[in-house]
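Comments concern the structure below.
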Amino acid sequence: MDQGRQVFTVDLLERHAAKGRGVITCMAAGNDVIVLGTSKGWVIRHDFGVGDSFEFDLSAGRPGDQSIHRVFVDPGGCHCIATIVGQGGAETFYTHAKWTKPRVLSKLKGLVVNVVAWNRQQITEVSTKEVILGTDNGQLHELAVDEKDKKEKYIKFLYELTELPEALMGLQMETASVINETRYYVMAVTPTRLYSFTGFGSLETVFASYLDRAVHFMELPGDIPNSELHFYIKQRRAVHFAWLSGAGIYHGGLNFGGQQSSSSGNVNFIENKALLNYSKLSEGVEAVKPSSIALSEFHFLLLLENKVKVVNRISEHIIEELQFDQTSDSASKGIIGLCSDATAGLFYAYDQNSIFQVSINDEGRDMWKVYLDMKEYAAALANCRDPFQRDQVYLVQAEAAFSSKDYFRASSFYAKINYILSFEEVTLKFISAGEQDALRTFLLRKLDNLEKDDKCQITMISTWATELYLDKINRLLLEDDSALENSNSEYQSIIQEFRAFLSDSQDVLDETTTMKLLESYGRVEEMVYFASLKGQYEIVVHHYIQQGEAKKALEVLQKPSVSVDLQYKFAPDLIALDAYETVESWMATKNLNPRKLIPAMMRYSSEPHAKNETHEVIKYLEFCVHKLHNEDPGVHNLLLSLYAKQEDDSSLLRFLECKFGKGPENGPEFFYDPKYALRLCLKEKRMRACVHIYSMMSMHEEAVALALQVDPELAMAEADKVEDDEDLRKKLWLMIAKHVVEQEKGTKRENIRMAIAFLKETDGLLKIEDILPFFPDFALIDDFKEAICSSLEDYNKQIETLKEEMNDTTHGADNIRNDISALAQRCTVIDRDEECGVCRRKILNTGREFGIGRGYTSVGQMAPFYVFPCGHAFHAQCLIAHVTRCTVETHAEHILDLQKQLTLISGETRRESNGNLALEGTIPSMTSVDKLRSQLDDAIASECPFCGDLMIREISLPFIHPEEDQHVLSWEIKPNVGSQRSIPLSV
């Protein structure tokens, strides 16, 4: 124990606590409230919480001398029970902290109450709930009092000790909730026995169950001046007990609520039982039995004569002796007894006049040492207060394990030490002992216990552990050559452990140092594994390629975290190693640019392959072109070149005939270079492909010329492709005809028949006269008689057809002229009250009223006007104004320009008329006026403005033009708050 400061200290609390009411005979405490009983029958209540005291006389009305036998107070300091004895027998009283007068419990008259057990879990300030009282004749009674009733609710008899009637000297009660029921645990002691009661329901039910079954008890015979039973309460729950018996101090832990057996069964809720022999309390002299006991968390306070010995409950050693400052008259009697205040955590001792307070100063501070000396390491660690104390516990454990050569266990404990032993000292211990494996274990455990901020130390220890792992692996290989093949060997196990270590430590290990270590020990596979962990995929892939494991390399490259650039870098090696797997991997990889793979594909394609072997590059390029719709010219050119080198040109022709243009409108239909394709096909002598390319490039003459060298039918098909240029088409067919005529090797008549048959295939495009020049000059005309006659008949039919068409055209022209003449005579009848569609005035008003428009000829006295077939009529000026306003700006300007020109010409005509010019001179002017008027009519009267396109276009125009915003503002409704009035509405 730490001798620098005492755990328990004694202070005088009250010197004359009895206040002249006799001497103190008994005492109880709870929640800073002390209740004293005196030899003259007085009960004195000291409330140190509020600083007042109260006393009342229980001997009033009783004859002779009266003395308080026992006083009891609940843990809350509110409820008090006192028993007085004298010539008139014994009586028990109850009082409440708020009462001024105690109440006698008449049902207990004549019974001496020695002990009381309070229901700590359920008791309140206003109600005692269930209280058990034990008497000196071995009876148990139940009491309940409510403060508001001013009397007891009931007093019930519970049980009586009949087998060995003895006075009950100690009594304690606990409750626990088990499956929605309340379970009671009651412990009672006599001078020689400790009884245990337990059960469900009520106290009456619990004790009634013991009428037909045996009571569980522990018997410890021996004489004792004052047998006592105490519970240590922690957080309102009893955790251990102590019984002051004749044989010694019987103590142990309490486990309430852990058992769930029925109430009929005996349940022993005591655990870790022990007996402290009184011989340990004195050295070499006769054992003295304590007269009173108090119980703290770790200690017993034992009253021996006039001093209190503090005994550690765990080690059973006396740690302190407490002396009391008594007055001379009290010293002869000595200390009477001890009591405890579980709520306040204080202990009290008392003699006839004074009260002494025993305070606790951190009694658990040295308990770790106590447990450590007893080698109870788990309990020692649980009671340590700081890292230095924990280090000492770990050190003792480590040294013990090291001494017994349990090096692995020792390494675990050494790793937990942070302060009292240096890292270097521990490592030197294992190195000196030659325990490399234990050293490695120590390093690993040390890593687990280091803080994340110790980055430098973590890196160094991890690197050292790596080297120790590598050394261990090499030693295992040297010891057993077959370890590589045996999957269950220690070698394989340590390999797995090492890889797991690398995975866990990848963020703290220095990459360069670790790679060098792995390389120096020749652990290539582990180096590759670590490189993979660190994202050094280039090393991993290169290793797999060197090992010929293309599939594993491709699996690495397909990881999302691997840069796509590595795909391009290793593509040549991979496709050469395993073309099928490589191409499958490329096809499964997204965002791969085929253009960057072209060098690898060209290298692969340049190597010889079996005839029946699937060309993997062609397969991948076809996937890019058809599935991915790749538009890269390089990709298309490479695929075309590979097709051109194949013996069968069907794939090449299909490729050339495909239209790959999937992009924007009017985009290209192919993406390869046609000039390159043509050169390549000519080089590889793929003539049909060349014909197709010529045709695609609109070089039809070259296409037909080349096709004639391959197949005349192909040439004919190419000639038929030209549809929009008749001359070119005829020219191509003439080339074919010439070829056909020149290539025929039969008799003359057969050649002529073949030529005539060829003419029929041209569908009339060529005539006999077109191919005659291709025949020799000495060919007889008789051979062409039928063909020439057929041709002349065709010409005759064409002439007749032309004549019929000319007659039809002449007749149609006559009809048009008649319609024009009839149109000039057309008239329209209007009502005299017909209104203008714009100004709403009558159409037939005089021109003087309306104003005759300049440039128009007046009709008598009427203003010029327009009438449409739909029935709408407009004055000329109104129609011009309306159309100008509603039409587009350019059209309006054109109308105004025509009107201006008409006005100017009309003015000149009037001046010339006034000057008596000749009539012949005005004819050209009038002709121009009519032309302008006709243009103006077309501009404004081509359709009715109310029924034609002009009205339809106005649908999309706004009702109010931007320049008419002032009209919108005039319609805005503005609230006039000041002028608002409420108008009553009559109902």
Side-chain angles (χ1 to χ4, degrees), residues 28-31 33 35 70-83 92-97 103 105 107-108 113-135 139-149 151-159 168 170-189 195-210 229-241 254-259 263 267 269-270 295 339-344:
N31 196 25
V33 173
V35 178
R70 291 281 192 275
V71 290
F72 310 96
V73 66
D74 77 295
C78 297
H79 309 281
C80 177
I81 296 174
T83 299
T92 302
F93 292 82
Y94 169 83
T95 185
H96 190 273
R103 179 171 180 80
L105 302 176
K107 288 187 178 182
L108 298 176
V113 177
N114 283 342
V115 287
V116 170
W118 306 95
N119 189 342
R120 280 181 290 269
Q121 276 67 46
Q122 299 180 11
I123 194 170
T124 63
E125 183 179 351
V126 298
S127 176
T128 62
K129 300 299 181 182
E130 304 92 341
V131 181
I132 305 177
L133 292 79
T135 65
Q139 291 183 356
L140 293 173
H141 296 264
E142 180 183 356
L143 165 71
V145 182
D146 284 347
E147 183 269 335
K148 64 180 180 179
D149 296 337
K151 65 178 182 178
E152 70 275 13
K153 291 177 66 176
Y154 59 82
I155 297 177
K156 300 177 183 178
F157 171 78
L158 293 178
Y159 190 78
L168 290 168
L171 187 64
Q172 295 287 343
M173 174 172 56
E174 276 289 321
T175 60
S177 295
V178 180
I179 317 178
N180 298 324
E181 286 189 277
T182 300
R183 183 164 194 160
Y184 290 90
Y185 300 89
V186 179
M187 291 180 68
V189 297
Y195 294 91
S196 299
F197 304 90
T198 181
F200 291 95
S202 64
L203 283 173
E204 191 174 14
T205 305
V206 171
F207 283 97
S209 67
Y210 284 97
L229 175 67
H230 294 279
F231 280 2
Y232 173 71
I233 310 300
K234 188 173 184 179
Q235 297 177 353
R236 299 189 65 185
R237 177 66 68 185
V239 293
H240 54 260
F241 76 98
L254 297 171
N255 182 13
F256 298 116
Q259 301 86 2
S263 60
V267 178
F269 43 85
I270 301 172
L295 180 63
C339 71
S340 62
D341 183 348
T343 306

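What's counted below: heavy atoms across the whole structure, side chains too, no hydrogens, waters or symmetry copies. Being a predicted model, the structure only gives us computed values, none of them experimental.
- Asn31 is linked by a side chain to side chain contact (heavy atoms under 4.5 Å, CB included) to Thr343, counting only residues two or more places apart in sequence or in another chain.
- Inspection of the Tyr185 and Gln172 side chains reveals no N or O donor paired with an N or O acceptor under 3.5 Å.
- A side-chain N or O of Thr83 and one of Thr92 form a donor-acceptor pair less than 3.5 Å apart.
- Annotation: salt bridge (charged side-chain N to carboxylate O under 4.0 Å, His left out) contacts of Lys153 (sequence neighbours excluded): Asp146.
- Between Ser127 atom OG and Glu147 atom CD the span is 10.0 Å, to the nearest 0.5 Å.
- Note that CG of Leu105 and CD1 of Ile81 are 7.0 Å apart. Values are rounded to the nearest 0.5 Å.
- Residues Phe200 and Tyr184 place their aromatic rings such that the two centres sit no closer than 6.0 Å.
- Summarising the geometry, atom CD belonging to Glu142 is positioned 13.0 Å from atom CD belonging to Glu152; distances are rounded to the nearest 0.5 Å.
- The aromatic rings of Phe231 and Phe241 sit perpendicular to each other, their planes meeting at more than 60°, with 30° as the lower class boundary.
- Under 3.5 Å, the side chains of Arg103 and Thr95 contain no donor-acceptor pair of N or O atoms.
- Residues passing the side-chain hydrogen bond (donor to acceptor under 3.5 Å, both in side chains) test with Thr135 are Asn137, sequence neighbours excluded.
- The backbone N or O of Thr205 lies less than 3.5 Å from a partner atom in the side chain of Ser202, making a donor-acceptor pair.
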